[in-house]
Number of protein chains: 2
Amino acid sequence: MNGNRLDEAARAAWLYYVAGNTQDQIAAKLGVSRQSAQRMVSLAVAEGLVKFRIDHPIAQCMDLAKQLRDSFGLVRCEVVPSDPDSDSTTLGVAQAAAAEIERWLRMEEPVVIAMGTGRTLKAAIEQLPSIECPRHKVVSLTGNIAPDGSAAYYNVVFTMADTVKSRSFPMPLPVIASSQSERSMLHSQPMIRSTLELASTAAVTFVGIGDLGPQAPLFEDGFISEQDLASLQQAGAVGEIVGWAFDAQGRLIDGITNDRVASAPIPARDTSLVIAIAKGGKKLPGIRAAIKGKLINGLITDETTAQALLNELN
Amino acid sequence: MNGNRLDEAARAAWLYYVAGNTQDQIAAKLGVSRQSAQRMVSLAVAEGLVKFRIDHPIAQCMDLAKQLRDSFGLVRCEVVPSDPDSDSTTLGVAQAAAAEIERWLRMEEPVVIAMGTGRTLKAAIEQLPSIECPRHKVVSLTGNIAPDGSAAYYNVVFTMADTVKSRSFPMPLPVIASSQSERSMLHSQPMIRSTLELASTAAVTFVGIGDLGPQAPLFEDGFISEQDLASLQQAGAVGEIVGWAFDAQGRLIDGITNDRVASAPIPARDTSLVIAIAKGGKKLPGIRAAIKGKLINGLITDETTAQALLNELN
DNA sequence: CTTGCGGATGGGCAAATACTCACGAATGGC
DNA sequence: GCCATTCGTGAGTATTTGCCCATCCGCAAG
């Protein structure tokens, strides 16, 4: 009589979800107690007889986000709808990232928030509303000095601190030092040191992911030379986070530029939530690698990219 | 930002039905009050964003469906549970019809689908998810012009084509012409002719069945006059499909309104699957007649109606 | 600047639903 | 045939949900 029970359960579920009866009404109609009716309905749900379907683009995204979390062990994952007609690299993810940043800023207890750099993050910051958050600390993971000595345009800490009125800790450094010894020297300065230490205590970190293809932002913005880029590619680099280049397995690449990167290390994943904000085909290998190597444990991306990441899983 | 509200509603509904959160949890996650969360969920349900589907052959209904198929030579038959307390004329059958329509739409090969009209079909269309089916053609069997010259409300092809992104072929005609000659003239127009031809090639046809009692929809919606209705009743008419009135034997009635009906003929049963979607006592004589006269060879109905059809068989 | 309107919001409460527990019937092994 | 285990049941209770209503907010007209 197993089938019969499921039959009745299906009928109860039908009456409940499709016909909109209450469990009392169902109980009366099927001639059982209300409790039994409740059990039938929940049995039908548990047995998967009832399919819920949300017919809206957002639902698809939430599905993908859940799959990404489950498949890759991400702590936090957000997927936004893709607009196939737009070739913006930030549309959607910037807004979603801003919402996520805002959630942290709205917390009552003081929080240390570490920020990477790049166009995506910049776009996200621009979406932030202006709020008063003097209790929080925003610390930059990366230098704010461009190769020409000016303040790097894509350094986001200034804009952010300005918008949200929090205490900010920029890094008066180049992104990549000219030599390993220069980096050591810079890092030994007391102020820098304390900022580096602060960064390592961040509760949450937001970073972009840069690709290392021919139009690598690191190269285009003049932080690394053409030779460096070629060497990195040669060494299998597929992406970079605040300057740290890594290969397809998400392992930081020894030598080349990485021994001169003046950025703070990416905060440890076991103590900090490290959320990458990135979408698009060019960044796909980098995103995949960063996840694989557990450089990040959070991701904000778009539908297309999410789908691509899951497809590669086979 | 109308879309944004629905976005949030869809998100809330997803969290509620798919992820199984309570409204409190949703409220916390979305940063709103529980009441707002509740409103979002119910908005999503009200807007039809949420579709429920019970995926289980309910033995009783399957049994009735089989009996109907065997007794009446129906090719396709679906029976859904009845809710004795509901007086909706579409509850259940609309969902089942939507599922059937969806099955056809999901086919890879291009299909020509013909659609009738009426409240039941309209309700079914509203249950369709939005999918991309540009390969299919949806053709209306009946005119889309109401007696007052406006677009007939219960013409379903527009809504359907919109939801499923298929190519649609409406009929810019009144449902019933003012005279036989007007009908001839209208039907001789090249565009109408090709649409009529297309309709005759439909692989599957979905129609409602209208009763011809005192509240006949054809009369209530102003397509036929009170005199016409009386004459039809006098002539033994018990039902109509896309305007074509028929008697208890399922024979089309000569004269009266039928020589002015501008709808396409019901596609031939030997080449097309013609599925009627109808339930309820009022429609029972019409359903019985349509089956008897082999105007249809498929039926989606409810338990009570199915039982009644079989009872009459003795 | 005030007033009034429409729509959104949250508090509160009753209804509906989910869960726990103890009991009793059915099942099955010995 | 007896006992042990499982399964389903109803009662009671905690939690969740649905709804009403007073209030608030934004906005536009006066």
Side-chain angles (χ1 to χ4, degrees), chain A residues 1-56 58-59 62 95 99 102-103 106-108 127-132, chain B residues 1-56 58-60 81 83-88 91-92:
Chain A
M1 278 309 168
N2 197 351
N4 211 338
R5 269 189 65 236
L6 284 185
D7 279 358
E8 288 303 296
R11 180 178 295 266
W14 188 90
L15 288 167
Y16 188 66
Y17 288 111
V18 182
N21 284 277
T22 70
Q23 296 181 353
D24 271 315
Q25 295 173 294
I26 296 167
K29 281 172 204 182
L30 300 185
V32 297
S33 73
R34 195 186 54 71
Q35 291 87 338
S36 300
Q38 193 275 328
R39 270 180 214 113
M40 285 183 192
V41 174
S42 78
L43 174 69
V45 174
E47 290 288 321
L49 300 181
V50 185
K51 305 274 170 61
F52 303 99
R53 191 147 124 203
I54 316 291
D55 198 11
H56 196 277
I58 222 83
M62 303 203 60
Q95 285 80 356
E102 194 183 333
R103 259 192 285 279
R106 295 222 179 267
M107 293 181 69
E108 278 308 315
Q127 299 294 324
L128 279 178
S130 57
I131 40 177
E132 300 272 334
Chain B
M1 277 311 164
N2 197 351
N4 212 335
R5 270 189 62 236
L6 283 184
D7 279 1
E8 287 302 296
R11 182 180 294 264
W14 190 92
L15 288 167
Y16 189 67
Y17 289 109
V18 182
N21 285 283
T22 69
Q23 297 182 352
D24 270 314
Q25 294 173 296
I26 296 167
K29 281 176 202 183
L30 300 185
V32 297
S33 71
R34 191 192 58 78
Q35 292 83 343
S36 302
Q38 194 273 333
R39 270 181 213 114
M40 285 183 192
V41 173
S42 81
L43 173 70
V45 174
E47 290 287 321
L49 264 41
V50 185
K51 309 273 167 65
F52 305 100
R53 185 152 156 195
I54 313 295
D55 208 2
H56 186 79
I58 300 177
Q60 175 81 0
D83 180 357
D85 295 341
S86 160
D87 51 4
S88 160
L91 180 66

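If you're wondering where the values come from, they're calculated on a predicted model, not measured in any experiment.
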Which ring pair (Phe, Tyr, Trp, His ring centres under 6.0 Å) pairs, counting each pair once, include a residue from residues 24-54 of chain B, with sequence neighbours left out?
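The answer is A:Tyr17-B:Phe52, A:Phe52-B:Phe52, B:Tyr17-B:Phe52.
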Locate the shortest heavy-atom distance separating [X] from [Y]; write the atom from each residue and the value.
X: B:Ala44; Y: B:Ala13; value: CB-CB, 3.6 Å
X: A:Val41; Y: A:Tyr16; value: CG1-CD2, 3.8 Å
X: B:Ala37; Y: B:Val32; value: N-CG2, 4.0 Å
X: A:Ala10; Y: A:Leu49; value: CB-CD1, 4.1 Å

Letter per nucleotide, 5' to 3', of nucleotides 10-17 of chain D [B base touched, S only sugar-phosphate touched, - untouched; heavy atoms, 4.0 Å]
BB----SB
Can you list the residues that meet the salt bridge (Lys or Arg N to Asp or Glu O under 4.0 Å) rule with A:Asp24, with sequence neighbours excluded?
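With neighbours one apart ignored, the set is A:Arg34.
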Rounded to the nearest 0.5 Å, what separation is found between the CD atom of A:Gln38 and the CG atom of A:Leu43?
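Answer for the CD-CG pair, A:Gln38 versus A:Leu43, is 10.5 Å.
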Nearest 0.5 Å please: distance from the CG atom of B:Asp83 over to the CG atom of B:Leu91.
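Taking CG in B:Asp83 and CG in B:Leu91, the distance rounds to 6.5 Å.
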For residues 9-20 of chain B, which residue pairs pass the salt bridge (Lys or Arg N to Asp or Glu O under 4.0 Å) check, not counting sequence neighbours?
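For residues 9-20 of chain B, and leaving out neighbouring residues, the salt bridge (Lys or Arg N to Asp or Glu O under 4.0 Å) pairs sorted by first residue read A:Glu78-B:Arg11, B:Glu8-B:Arg11.
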Taking any atom under 4.0 angstrom from a heavy atom of chain A, which nucleotides of DNA chain C are the first and last to qualify, 5' to 3'?
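The protein-touched segment is C:dT17 to C:dT20.
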Heavy-atom side-chain contact between A:Met40 and A:Ile26 under 4.5 Å
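Side-chain contact under 4.5 Å: no.
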Secondary structure string for DNA chain C (Watson-Crick or G-U under 3.5 angstrom, | for other-strand pairs):
||||||||||||||||||||||||||||||
